[in-house]
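Each chain gets a letter, A, B and so on, in the order the sequences are listed, and its residues count up from 1.
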Amino acid sequence: MLDLNFVRENLPLVEEKLRQRGMNPAEVLRDFASVDAERRQAITAAETLKAQRNKVTEEIAKLKKSGQDASALVAETKNSREKIAELEKSAEDYDARLREILLGIPNLPHSSVPVGKSADDNRLERQWGAPPKFDFAPKPHWELGEELGVLDLQRAVKLTGARFAVYWDLGARMERALANFMLDLHTGEHGYTEVLPPYMVNSDSMRGTGQLPKFAADLFRVPHGEKDFWLIPTAEVPVTNLYRDEVLDGTRLPISLTAYTPCFRSEAGSYGKDVRGIIRQHQFQKVELVKFSKPEDSYNELEKLTRNAEMVLQKLGLHYRVMALSTGDMGPSSAKTYDLEVWLPGQGLFREISSCSNFEAYQARRANIRYRPDGKGKPEFVHTLNGSALAVGRTWVAIIENYQQADGSVLIPEALRPYMGAERITPKKF
RNA sequence: GGAGAGUUGGCCGAGCGGUUGAUGGCACCGGUCUUGAAAACCGGCAUACCUUAACGGGUAUCGGGGGUUCGAAUCCCUCACUCUCCGCCA
């Protein structure tokens with residue numbers, strides 16, 4: 001959410017940024033200016049009447065205290081009650097409408113973000129490594145996984161349905177190994193604190209990070225009594241909400257947290273997309289990085305966070321590139337996003353494996369996460385950042401496809417061997 | 001799941017339905033005193049919104065929501081959370 005005063009005072013800028021995102025300002029902002037004016041008018045009217053009532057009420061108290069009759073004043077005030085309720089209702093209505101408009105405005109892209117319509121306009125920032133060379137035709141992971149006996153999609157359908165997976169033996173072990181490897185790297189070398197949050201959250205948390213109310217269709221809902229719980233679509237939700245409605249001590253910033261969690265996504269509307277393999281699943285695991293930063297440091301922190309995610313790929317020896325998403329491809333809450341795309345030889349393409357974003361104060365304003373600069377003074381909103389480091393399932397895919405051998409086995413990258421207790425995966429039946 | 005107790009400002013802790021945004025203490029900030037510090041004393045110390053060129057004025061907020069009343073931190077209902085006891089259980 002943007003700041004109301006900021007939008008009011010910078011309407012032309014907001015409109016320009018909306019156009020950069022490929023949106024129609026008139027549609028997004030609707031009648032912002034008039035609703036804003038009417039809201040203030042309604043508030044003033046209601047408060048004026050309340051001020052009058054409070055004065056009369058005070059008079060009544062004085063009269064009663066001195067033992068005098070106050071029935072005339074009581075009768076007078078009785079009438080104003082309905083009117084006040086009416087005006088208050090009207091003020092609330094305008095307020096709700098204005099808030100709805102405000103919530104519908106996406107974050108303003110940072111000036112360094114490439115302006116463009118789609119993913120085609122994303123800017124290549126850098127590449128690392130080179131694609132592995134094969135003297136045979138590399139296979140996609142779904143074939144390798146089945147042949148090796150480590151990935152079982154058939155039985156997952158029996159257990160649950162499409163877009164779920166069962167991992168066996170060293171396949172399961174590799175998931176666990178990758179999680180431990182990533183967490184050890186971020187906590188041991190990059191200064192992050194490990195967190196293990198709940199995998200279900202309440203609606204307030206989903207609102208705090210913006211999944212609700214707009215994107216309920218993307219989530220798994222768990223009815224619980226009168227209320228709902230929601231399966232988290234990313235650790236970003238519980239971890240960012242840790243500090244919801246809190247004022248942090250500025251001297252403690254930046255706060256860097258990492259969490260390994262499953263992520264549940266309904267993938268509504270993605271029918272027919274990535275149906276082969278485990279690229280797009282209803283449940284996958286991810287190691288997430290989350291930072292709470294002072295505004296003046298947040299872009300520096302975004303660079304660091306992105307490098308922290310890249311380090312995982314480098315240590316695993318996986319070829320990748322870094323893309324700065326264009327204004328047309330960025331998520332609505334983000335001010336700037338880098339995607340890491342890993343090379344998948346079995347499919348012959350780069351595939352998103354991490355997305356690192358600076359939300360500036362957009363999320364913090366909504367979740368009410370503030371800090372006190374130097375431990376004193378007025379609280380200000382923090383900047384929040386997050387990124388995957390990495391999506392474990394897609395890392396699993398990248399290793400299987402990049403390290404496949406002519407004999408049908410898969411070599412384990414050096415860095416992962418201590419966690420795997422093995423150097424190679426060879427075919428086995430399940 | 002059952003029974004009971006509680007939730008007040010950064011923290012502790014008062015609060016007969018009527019100048020209570022809220023006594024007091026701690027913490028914090030400024031000052032006096034001091035070579036400096038401590039102590040003591042004096043003063044300051046919530047947030048959001050509306051209004052104003054500004055000074056200022058106003059409204060709301062005592063876990064959330066609703067109700068009673070001219071008027072609610074105070075009474076009623078409801079929900080959430082915390083604590084104690086019982087039951088069940090990994």
Side-chain angles (χ1 to χ4, degrees), chain A residues 1-9 32-103 196-208 212-213 222-230 238 241-253 255 361 364-382:
Chain A
M1 184 169 61
L2 296 179
D3 179 61
L4 172 60
N5 290 315
F6 179 87
V7 176
R8 186 184 295 147
E9 284 156 27
F32 173 85
S34 63
V35 174
D36 178 44
E38 283 175 288
R39 167 183 167 270
R40 286 191 281 173
Q41 214 167 16
I43 288 174
T44 305
E47 290 190 348
T48 304
L49 217 58
K50 278 201 260 189
Q52 280 171 17
R53 181 209 53 198
N54 287 349
K55 267 203 184 117
V56 175
T57 290
E58 221 170 282
E59 283 301 310
I60 292 171
K62 271 186 199 157
L63 285 177
K64 289 217 168 176
K65 219 169 202 175
S66 60
Q68 295 177 49
D69 176 54
S71 54
L73 285 178
V74 169
E76 183 191 314
T77 318
K78 234 175 195 164
N79 298 330
S80 72
R81 191 147 62 150
E82 243 174 68
K83 218 172 208 169
I84 288 174
E86 220 170 274
L87 286 168
E88 269 187 327
K89 177 82 174 59
S90 152
E92 273 166 35
D93 286 348
Y94 284 120
D95 195 67
R97 278 175 62 190
L98 190 67
R99 191 178 160 78
E100 204 178 302
I101 293 172
L102 214 51
L103 284 174
L196 197 159
Y199 302 156
M200 287 190 249
V201 298
N202 58 33
S203 299
D204 284 340
S205 294
M206 283 298 182
R207 271 189 286 272
L212 290 179
V222 182
H224 180 254
E226 299 288 299
K227 304 217 168 141
D228 291 328
F229 287 154
W230 305 82
N241 274 285
L242 282 173
Y243 293 123
R244 172 155 49 91
D245 295 322
E246 291 194 26
V247 179
L248 304 169
D249 182 348
T251 59
R252 286 177 56 207
L253 299 178
I255 294 173
R365 199 172 286 114
R366 193 160 168 161
N368 191 27
I369 306 171
R370 295 174 294 169
Y371 78 104
R372 225 178 274 279
D374 306 319
K376 54 181 181 181
K378 262 197 185 293
E380 289 176 35
F381 291 110
V382 300

Quiz item: Can you find a pair of side-chain heavy atoms, one from Tyr243(A) and one from Ile255(A), that are under 4.5 Å apart?
Solution: yes
Practice problem: Nearest-nucleotide wise, let me know which of Asn5(A) and Glu58(A) is further upstream toward the 5' end of RNA chain B. | Solution: Glu58(A)
Paired with [N] by Watson-Crick or G-U wobble geometry, both distances under 3.5 Å: which nucleotide is it?
N	result
G24(B)	C12(B)
A90(B)	none
A38(B)	none
U19(B)	none
G63(B)	C79(B)

What's the gap between [N] and [M] when it is taken at their [atom1] atoms, as a whole Å value?
N	M	atom1	value
A80(B)	C28(B)	P	40 Å
G30(B)	U84(B)	P	42 Å
G56(B)	A39(B)	C1'	39 Å
G65(B)	G57(B)	P	28 Å

Self-check item: Sequence-aligned protein contact record of nucleotides 57-73 of chain B, with B where the base is within under 4.0 Å of a protein heavy atom and S where only the sugar-phosphate is
Solution: -BBS--------BBS--
Quiz prompt | NZ/NE/NH1/NH2 to OD/OE distance under 4.0 Å, Asp93(A) and Lys89(A) | solution = yes
All N/O donor-acceptor pairs, side-chain side in residues 196-205 of chain A, below 3.5 Å, sequence neighbours left out:
unit_1: Asn202(A); atom_1: OD1; unit_2: Asp204(A); atom_2: N; d: 3.3
unit_1: Asn202(A); atom_1: OD1; unit_2: Ser205(A); atom_2: N; d: 3.0
unit_1: Asn202(A); atom_1: OD1; unit_2: Ser205(A); atom_2: OG; d: 3.2
unit_1: Ser203(A); atom_1: OG; unit_2: Trp230(A); atom_2: NE1; d: 3.0
unit_1: Asp204(A); atom_1: OD1; unit_2: Arg207(A); atom_2: NH2; d: 3.0
unit_1: Ser205(A); atom_1: OG; unit_2: Arg244(A); atom_2: NH2; d: 2.8

